[in-house]
Amino acid sequence: FLLNRSSDLLVEQPVPSLFTFQIKDEALQALMGTVVEGATAMIPGTKLRAEGPLLITHWGMSGPAILKLSSYAARYLAECQYQAPLAVNWTGLRDIEVMEGLNNILLRYPQKQLQTITPCGLPSRLWTYLLQKCLGQRSNGRWGTLNQKELHRLANLLSGGDMYQIAGRAAFKDEFVTCGGIALSAVNSSTLESRHVPHLYFAGEVLDIDGITGGFNFQAAWTTAYTVAQAIAKEVADCE
């Protein structure tokens, strides 16, 4: 029964949620195991963004920031067939704040090699990768040789201008939950009984409920199951 009497949809087509991103960048994948605390992942051209630890894997990106973004963007990414741009702010800071930090390093350590001083607490392997991505052969130089244009490019890269291409979900289909299912408007909120088919109850992921990572989906399953059990027990008791 996909339609009610008013021809309003009762079921939102389920799509995967809480999944990792495939990113075909061998240099990035070589950093597998690297974790950046406080990163922000964004889909350019939308308001979809998520913050938290970001883990670089041998297939792309994972971690709470990516899992949360996949939840917020589940339908958008499904419509794009999981091919979409991804921007990463590795620092959680604004461009002007990163620029100030880079200038301070330049003034204090002009003779130091760029790769030996890591700004914003970034992992050194990631910093080396980002330097090479931004400056190419100039990444082997000293801080004092950087001009303001190069500093601005680095600041932009660290604060949200680092772009990637999502090439799909994780290859081993490890999605945690689904987005979609029976619309909440189609059930009684107190009992989770169908408004259209008496004595039919829904619980768990069959309902259009999904949350971000952190145990929210387990709680939703337990709570809706308890609610349905209570409602059925009351219905049975009333019939005796």
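Given the structure is predicted, the values throughout are model-derived calculations rather than measurements. The figures here come from the full heavy-atom set of this structure, side chains too, leaving out hydrogens, waters and symmetry mates.
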Report yes or no: do Leu122 and Met42 belong to one cluster of Ile/Leu/Val/Met/Phe/Trp/Tyr joined by side chain heavy-atom distances under 4.5 Å?
no
Given Ile105 and Lys112, is the side chain to side chain contact (heavy atoms under 4.5 Å, CB included) satisfied, shown in steps?
CA-CA 9 Å; Ile105 295 175; Lys112 293 285 187 179; over 6 Å; no
CG of Leu114 to CD of Gln132: how many Å apart, nearest 0.5 Å?
11.0 Å
Is the number of heavy atoms from other residues, nucleotides or ligands within 6.0 Å of CG (Leu107) greater than 12?
yes
Results of side-chain hydrogen bond (donor to acceptor under 3.5 Å, both in side chains) for Thr191 - residues two or more places apart only:
none
Search all heavy atoms of Leu126 against all heavy atoms of Ile56 and return the closest pair with its distance.
CD1-CD1, 4.2 Å
Closer than 3.5 angstrom, by distance alone: can the side chain of Gln22 be matched with the main-chain N or O of Arg169 as a donor-acceptor pair?
yes
For the pair Lys68 (side chain) and Glu51 (backbone), establish whether a donor and an acceptor sit closer than 3.5 Å, ignoring hydrogens and angles.
yes
Interatomic spacing from CD1 in Ile66 to CD1 in Ile23 - rounded to 0.5 Å:
6.5 Å
Among all residues two or more places apart in sequence or in another chain, which pass the side-chain hydrogen bond (donor to acceptor under 3.5 Å, both in side chains) test with Gln148?
Asn103
Hey, does Leu77 have a side-chain heavy atom less than 4.5 Å from the side chain of Gln83?
no
Looking at Pro53, is its backbone amide N or carbonyl O close enough to the side chain of Glu37 to form a donor-acceptor pair, meaning the two atoms are under 3.5 Å apart?
no
Once you round to the nearest 0.5 Å, how far does CG of Leu184 lie from OG of Ser189?
9.0 Å
Please find the pair of heavy atoms, one from Ala65 and one from Leu54, that lie closest to each other, and give the distance.
CB-CB, 4.5 Å
Any donor and acceptor pair, going by atom type alone, linking the side chain of Thr223 with main-chain N or O of Gln219 inside 3.5 Å?
yes
OG (Ser124) and CG (Leu131) are apart, to the nearest 0.5 Å, by 11.0 Å
Shortest non-hydrogen contact between Ser159 and Thr91, atoms and distance:
CA-OG1, 4.3 Å
Would you please name every residue forming a side-chain hydrogen bond (donor to acceptor under 3.5 Å, both in side chains) with Asn140, sequence neighbours left out?
Gln115
Could you tell me whether Arg153 atom CZ has more than 12 heavy atoms of other residues or ligands within 6.0 Å of it?
yes
Step through the shown structure and confirm whether more than 12 heavy atoms of other residues, nucleotides or ligands are within 6.0 Å of CZ on Arg125.
yes
Main-chain N/O of Gly60 paired with Thr57 side-chain donor or acceptor, under 3.5 Å
yes
Describe, in one word, how the ring planes of Trp90 and Tyr164 are oriented to each other, choosing from parallel (under 30°), tilted (30 to 60°) and perpendicular (over 60°).
perpendicular
If the condition is side-chain hydrogen bond (donor to acceptor under 3.5 Å, both in side chains), which residues does Asp25 pass it with, not counting sequence neighbours?
Tyr129
Would Leu146 and Leu102 count as a side chain to side chain contact (heavy atoms under 4.5 Å, CB included) if you check the C-alpha gap in whole Å, the side-chain angles of each, and the deciding distance to 0.1 Å?
CA-CA 10 Å; Leu146 292 179; Leu102 294 178; over 6 Å; no
Does a sphere of radius 6.0 Å around NZ in Lys234 hold more than 12 heavy atoms from other residues, nucleotides or ligands, not counting ones at 6.0 Å or beyond?
no
How long is the straight-line distance from SG of Cys134 back to CG of Leu158, given to the nearest 0.5 Å?
8.0 Å
Quick one: list whatever passes ring-ring contact (aromatic ring centres under 6.0 Å, His included) with Tyr82, sequence neighbours left out.
Phe19
Interatomic distance, Thr20 atom OG1 to Leu55 atom CG [nearest 0.5 angstrom]:
9.5 Å
With sequence neighbours left out, which residue pairs that include part of residues 138-148 fulfil the salt bridge (Lys or Arg N to Asp or Glu O under 4.0 Å) condition?
Arg138-Glu150
Count the heavy atoms belonging to other residues, nucleotides or ligands that lie under 6.0 Å from CE of Met32, then report whether that count exceeds 12.
no
